[in-house]
Participant: 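Before we start, here is the structure in question, set down as structure tokens.
One-based numbering, in listed order, for ligands and for the atoms of each. Values below: every heavy atom of this structure, side chains too, minus hydrogens, waters and symmetry copies. None of these values were measured; they are calculated from a predicted model.
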Amino acid sequence: MSAIESVLHESRVFPPSAETVAKAAISGMDAYRALAAEAERDYEGFWAKLAREAVGWHKPFSKVLDESNAPFYTWFEDGELNASYNCLDRHVEAGNGGTVAIVFEADDGAVTRVTYQELLSRVCRLANALKKRGVKKGDRVVIYMPMSIEGVVAMQACARIGAPHSVVFGGFSSKSLNERLVDVGAVALITSDEQMRGGKALPLKNIADEALAMGGCEAVKSVIVHRRTGGKVQWNADRDLWMHEITANEADACAPEWVGAEHPLFVLYTSGSTGRPKGVQHSTGGYLLWAAQSMKWTFDWKPSDVFWCTADIGWITGHTYIAYGPLALGATQVMFEGVPTYPDGGRFWSMIEKHKVTVFYTAPTAIRSLIKIAEADPKVHPKSYDLSSLRILGTVGEPINPEAWMWYYENVGGSRCPIVDTWWQTETGGHMITPLPGATPLVPGSCTLPLPGIMAAIVDETGQDVPNGQGGILVVKRPWPSMIRTIWGDPERFKKSYYPEELGGKLYLAGDGSVRDKDTGNFTIMGRIDDVLNVSGHRLGTMEIESALVANSIVAEAAVVGRPDDTTGEAVVAFVVLKRARPAGEEAAKLANELRAWVGKEIGPIAKPKDIRFGDNLPKTRSGKIMRRLLRSLAKGEAITQDVSTLENPAILDQLGESL
Ligand code: 6R9
């Protein structure tokens, strides 16, 4: 039975305990329904009230939602604010400067704590140093850094001077970094000498040098380097600057640059259904509002909490639930540099114990890999640690299979902590569909119900509502404050991708399939309906990987599909036709490894195909279209039962069915 079918037949329900309900801010389903009804009744009033409460405005807004240039919606447009002021100064001014903002644990276990007061000083120093190098409001700064306090400081410093940042995940290759530097038109790059993960050093600065040398990014005048390991780096004295040197003599204060609510806070690249990644542009006001509010609601956040989100700052989850949401609330959070399996598979559990984490937010892929390790070795089983500090668990990034959910619930949460399975996307800015810990009855594998104010629905290919129990396309019917504003430099692509004419042009198309339960209306996500794969919670476009493969001089043609995988959710399978004869045996294995390494270089290690199959050709219709559904069956090792009568070359299926 597939995971989806088992969720549809899932009969286990876990209502929150009376104690959890009693202590929660949104207490019980009636409280949830009342908020949702308020949003239905007076949509703009609902959001305006939240925006006044959750955000500190330098100049209050008078307009709420403007739909006149749909789908380029604007929110709170005439209001002015600064995200960094909201995340730092506000807490210091309220007398909470001594509260620990970040408890940072390095790969080797060293712990550093930074208070709000210290964080503010560090952000101001870097902001001043950036200004001195000519970086000003509206200029873009690319950040290519490991998980570090300095990474958050860099993001906040950009926000402070109104320079939109674009964080590039440290696992991306020089080519991917170059493409993003060029596309966003960066004037500065902030990086580190090296990144430490699992005891290994990765030379970020060298990769950054390579990216800059590829050209097209001559606008980058300064490269600011954070010294993490002291490892050897190349130095270009005209361009490179040590972060510790340029911040040493700067002032601890830097007046925040007040920006309009619609001023872009950041651009974050994500994969779509074409070969070119999309620069998702977010606003300042609407984004910050939802980062704070969704953090408060979904995690039922309280000042006494120790929050830990394990995502990387290179992804949206690390933006909203590390760099902005927790700081906007004045929370104390744990931040981790390393990997969950180093020095052993008990690292997460020992860190929860050590730092007395109360709210823990991670990805299904991490849980699945830790289940395997824990079940094989009792020493690193969560039951061998004191996890009694935990009160809420969360997951994000991909569907969680009910068995992994149950394991997480019982072994990590001690059958006492609600699990919030949060469905959302880079484009949505924050949580969209998720249980509320003190209200929603939990169903393993279901993200349950939309947050108040989020008008999620399921429609057919023409945009008509489908009844509960019937699968369809997940859409959002009304704009919401933290939504994507446009694709950087490509408004037409924004319109076509997210507000397609086929659905009537007014529905936000998420790109996921979903179904709602007949009785509860709970949503279950069935995965992407476009050419996007989800490998370990990372979004990868099949076209991007295909373009990378055909860029290799020995490859004539390539087609990439996903295959279900027990640990990573989906795995990348590539079908490749070479310009030379189809290789076999050892030669095939050697070439497959070369191509894997090639994709790692072109995009990054996360995109490496798990399985490569060579053929003399690809299965094509007489009109030359690659039949991907056949490739998906072959990738899974299934017998072909589909109609192949339109296939030009049926014999090819036998060849492509063979794994190496
Ligand atoms: C936050 C994030 C978005 C895609 C999304 C969907 C999948 C995310 C999920 C989930 C099922 C969940 N996804 N959360 N699927 N249940 N709780 O992951 O953003 O990297 O843009 O990915 O991830 O397919 O469309 P992003």
Side-chain angles (χ1 to χ4, degrees), residues 3-4 7 167 169 171-172 266-273 277-280 282 287 290-291 294-295 298 309-322 324-325 361-368 393-402 404-405 408 419-435 440 442-451 454 456 473-476 482-484 487 497-498 508-515 522-542 544 562 564 568-570 606-607:
I4 300 303
V7 169
V167 183
F169 173 57
F172 275 120
F266 64 87
V267 175
L268 182 60
Y269 285 83
T270 189
S271 294
S273 44
K278 309 188 262 203
V280 173
H282 277 289
Y287 172 82
W290 200 226
S294 62
M295 166 101 192
T298 304
C309 165
T310 69
D312 194 283
I313 51 168
W315 308 116
I316 190 68
T317 307
H319 279 59
T320 310
Y321 300 105
I322 295 178
Y324 290 106
Y361 190 33
T362 194
T365 189
I367 298 165
R368 285 192 299 262
L393 301 175
T395 90
V396 58
E398 50 180 323
I400 181 161
N401 46 308
W405 193 101
Y408 192 33
I419 298 181
V420 289
D421 177 354
T422 60
W423 177 85
W424 61 295
Q425 311 177 291
T426 305
E427 295 86 341
T428 70
H431 298 152
M432 299 294 278
I433 309 181
T434 174
T440 320
L442 306 170
V443 178
S446 167
C447 54
T448 72
L449 296 167
L451 284 171
I454 301 300
I473 300 169
L474 180 56
V475 297
V476 187
S482 67
M483 67 186 296
I484 173 176
I487 292 176
S497 310
Y498 301 109
Y508 169 82
L509 173 69
D512 281 303
S514 184
V515 60
N522 278 345
F523 286 77
T524 292
I525 305 297
M526 307 198 295
R528 301 288 305 191
I529 51 171
D530 52 11
D531 296 320
V532 172
L533 304 182
N534 192 322
V535 179
S536 299
H538 302 318
R539 265 167 77 168
L540 296 167
T542 52
E544 264 175 86
T568 56
E570 268 188 299
I606 49 170

Participant: Going by the rule ring pair (Phe, Tyr, Trp, His ring centres under 6.0 Å), which residues pair with Y408 if we only count those two or more places apart in sequence or in a different chain?
Facilitator: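 Testing Y408 for ring pair (Phe, Tyr, Trp, His ring centres under 6.0 Å), a comparison that skips the adjacent residues, returns none.
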Participant: A side-chain contact here means heavy atoms from C-beta on lying under 4.5 Å apart; do F523 and M432 qualify?
Facilitator: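 No, every pair of side-chain atoms sits at 4.5 Å or beyond.
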Participant: Over 60° means perpendicular and under 30° means parallel, so tell me whether W424 and Y321 are parallel, tilted or perpendicular.
Facilitator: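 Aromatic pair W424/Y321 classed perpendicular.
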Participant: Where the side chain of N534 meets the backbone of E570, is there a donor-acceptor pair that is under 3.5 Å apart?
Facilitator: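 The answer is no, because no donor-acceptor pair under 3.5 Å joins these two groups.
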Participant: Below 4.0 Å from any atom of ligand 1, which residues have a heavy atom? Give them in chain and number order, please.
Facilitator: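 Lining ligand 1: I316, T317, V396, G397, E398, P399, D421, T422, W423, W424, Q425, T426, D512, I525, R528, N534, R539.
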Participant: Looking at Y269 versus F172, is the centre-to-centre ring distance below 6.0 Å?
Facilitator: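 So the answer is no for these two rings.
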Participant: If you apply the rule side-chain contact (heavy atoms from CB on, under 4.5 Å), what do you find for I367 with W405, and how did you get there?
Facilitator: CA-CA 9 Å; I367 298 165; W405 193 101; over 6 Å; no
